[in-house]
Amino acid sequence: MKKYIEIVDQIDTSTVYAQLSHPHSGGICVFVGAVREFTAQQEVVGLEFETYEKMALKEMEKIADKAIDKWNLQKVVIKHAVGMKNVEEPVVIVGASSAHRSECFEACRFLIDTLKETVPIWKKELFKDKTVWVSAHP
Amino acid sequence: MKKYIEIVDQIDTSTVYAQLSHPHSGGICVFVGAVREFTAQQEVVGLEFETYEKMALKEMEKIADKAIDKWNLQKVVIKHAVGMKNVEEPVVIVGASSAHRSECFEACRFLIDTLKETVPIWKKELFKDKTVWVSAHP
Amino acid sequence: MEVLFFGIAKDIVGASHKVFSTNEHRPNSVGELKQLLIQEYSELAKLSSLAVAVNSEYALDHVPLRDNDEVAVIPPVSGG
Amino acid sequence: MEVLFFGIAKDIVGASHKVFSTNEHRPNSVGELKQLLIQEYSELAKLSSLAVAVNSEYALDHVPLRDNDEVAVIPPVSGG
């Protein structure tokens with residue numbers, strides 16, 4: 001399998017290298033996004049993610065295909081978690097493997113940047129005294 | 001601990017996220033270098049690495065400190081393997097965690113690029129009919 | 001035609017979906033749907049962006065809506 | 001003074017280290033050491049680069065060598 005694309009309840013970081021490893025790949029680059037304790041000086045209790053899963057998977061497939069095509073990748077991983085996540089928990093993992101390191105670095109950055117722009121997933125920040133849908137308002 | 005710097009016999013990819021995770025880190029970027037099956041159309045049987053360990057650890061510390069200082073990182077991992085490595089085996093792992101994703105991507109790229117330039121580690125490519133010290137000759 | 005609401009749009013509309021039966025007057029295009037929703041729920045107009053997906057693909061205002069379409073209202077995404 | 005050899009330098013010299021006793025004539029600087037080694041092992045001159053570390057720090061040609069120094073000959077590195 002070339003692409004590992006999933007919406008999951010928990011991100012499992014332990015499988016990513018086995019999934020990205022390939023005899024033609026000299027480089028593997030992985031990015032993990034996790035819950036930060038503070039946003040703009042306010043203490044975050046946790047994040048809650050929801051998704052339009054059917055469409056999210058389609059958009060993630062498109063991103064993976066574009067990256068494979070552009071950087072000639074051997075393997076791609078894109079996984080996003082949904083539900084309540086606490087501080088330090090991983091919420092997203094993306095990765096790519098390629099013959100040389102430049103390609104997997106550029107591809108990995110593209111995967112996370114594009115996921116944030118186009119994949120229908122929504123994040124609510126939970127503070128002690130309020131909740132905020134991230135980026136909802138200008 | 002802020003830095004995980006080691007020369008090892010085997011790269012263990014399973015511990016890297018626990019080592020890089022931090023409540024102030026929203027982003028973790030990791031690069032793994034592995035043995036490729038082909039170099040310039042020739043089939044590689046394996047790679048053999050040797051190091052001047054005392055100096056290698058010092059140089060890796062310097063690289064980590066520079067990156068922490070420049071990108072305000074929470075954690076850094078730099079580990080390199082020595083000995084015989086077969087195709088697909090990881091030989092190096094570097095990673096960084098930071099508040100936002102740009103910093104950990106740039107830092108991770110810096111870690112591997114600088115490691116390749118300055119850390120006293122030598123790689124011999126083993127082909128079916130010969131061995132070659134990589135980069136030794138112009 | 002079924003319209004799904006997510007994220008802050010779900011909170012504003014107060015429902016995760018809304019069904020337009022074929023008998024009922026229903027919007028004929030993405031643009032008409034948006035207008036209709038914004039008339040009813042003015043808070044939707046205050047969002048940074050408001051996209052629509054038809055059968056789980058992003059669709060521009062001119063795209064027609066048909067009876068069996070699955071339509072989704074996509075407020076600003078914030079994954080990652 | 002002990003000089004360590006690694007990688008291809010070890011293959012060329014045919015040894016992983018060489019000891020200069022204090023009695024023996026030994027090089028007084030990094031530059032002298034390099035000259036002396038290249039005279040004896042001309043293959044070293046064909047490498048892409050030849051660096052020297054003194055007490056495990058890279059050292060330029062002018063750096064003096066002392067009796068108790070640990071000196072290493074560093075052919076082109078190729079980690080990663």
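Convention: sequence-line order gives letters A, B, ...; per-chain numbering from 1.
Using a 4.5 Å cut-off between heavy atoms, A:F105 touches chain B through backbone and side chain atoms alike. Interface remark: A:S21 contributes backbone and side-chain atoms alike to the contact with chain B (heavy atom separation under 4.5 Å). At a 4.5 Å heavy-atom cutoff, B:T15 makes no contact with chain A through either its backbone or its side chain.
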request  = Show your working on side-chain contact (heavy atoms from CB on, under 4.5 Å) between A:Y17 and B:V30 and close with a plain yes or no.
outcome  = CA-CA 11 Å; A:Y17 292 104; B:V30 174; 2.9 Å; yes
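Across every non-hydrogen atom of B:R109 and A:S102, the tightest pair is NH2-OG, 3.0 Å. Of all heavy-atom pairs between A:K75 and A:A18, the closest is NZ-O, 4.4 Å.
Considering only heavy atoms from C-beta on, A:F127 comes within 4.5 Å of A:V132 through its side chain. Side-chain contact between A:K123 and A:I121: absent, with no pair of heavy atoms (C-beta onward) separated by less than 4.5 Å. By the 4.5 Å heavy-atom criterion applied to side chains, B:V32 and B:I11 are not counted as neighbours. A:V16 is not listed as a side-chain neighbour of A:Y4, based on a closest heavy-atom distance of 4.5 Å or more.
For the set B:P23, B:A34, B:C108, the entry with the most heavy-atom pairs within less than 4.5 Å of chain A is B:P23. When each of A:C104, A:S97, A:A99, A:G33 is scored by its heavy-atom pairs under 4.5 Å with chain B, the top score falls to A:A99. Top candidate by heavy-atom pairs under 4.5 Å with chain B, chosen from A:I28, A:L20, A:I112, A:T13, is A:I28.
At least one donor-acceptor pair closer than 3.5 Å links the side chain of A:H22 to the backbone N or O of A:H24.
Of all residues in residues 35-73 of chain A, those placing a non-hydrogen atom less than 4.5 angstrom from a non-hydrogen atom of chain B are A:V35, A:R36, A:E37, A:F38. Interface with chain B: from residues 78-96 of chain A, residues A:V87, A:E88 qualify, criterion being any non-hydrogen pair under 4.5 Å.
Remark: B:R101 CZ to B:S25 OG distance equals 15.0 Å, nearest 0.5 Å. In this structure, CG on A:L126 lies 6.5 Å from NZ on A:K124, to the nearest 0.5 angstrom.
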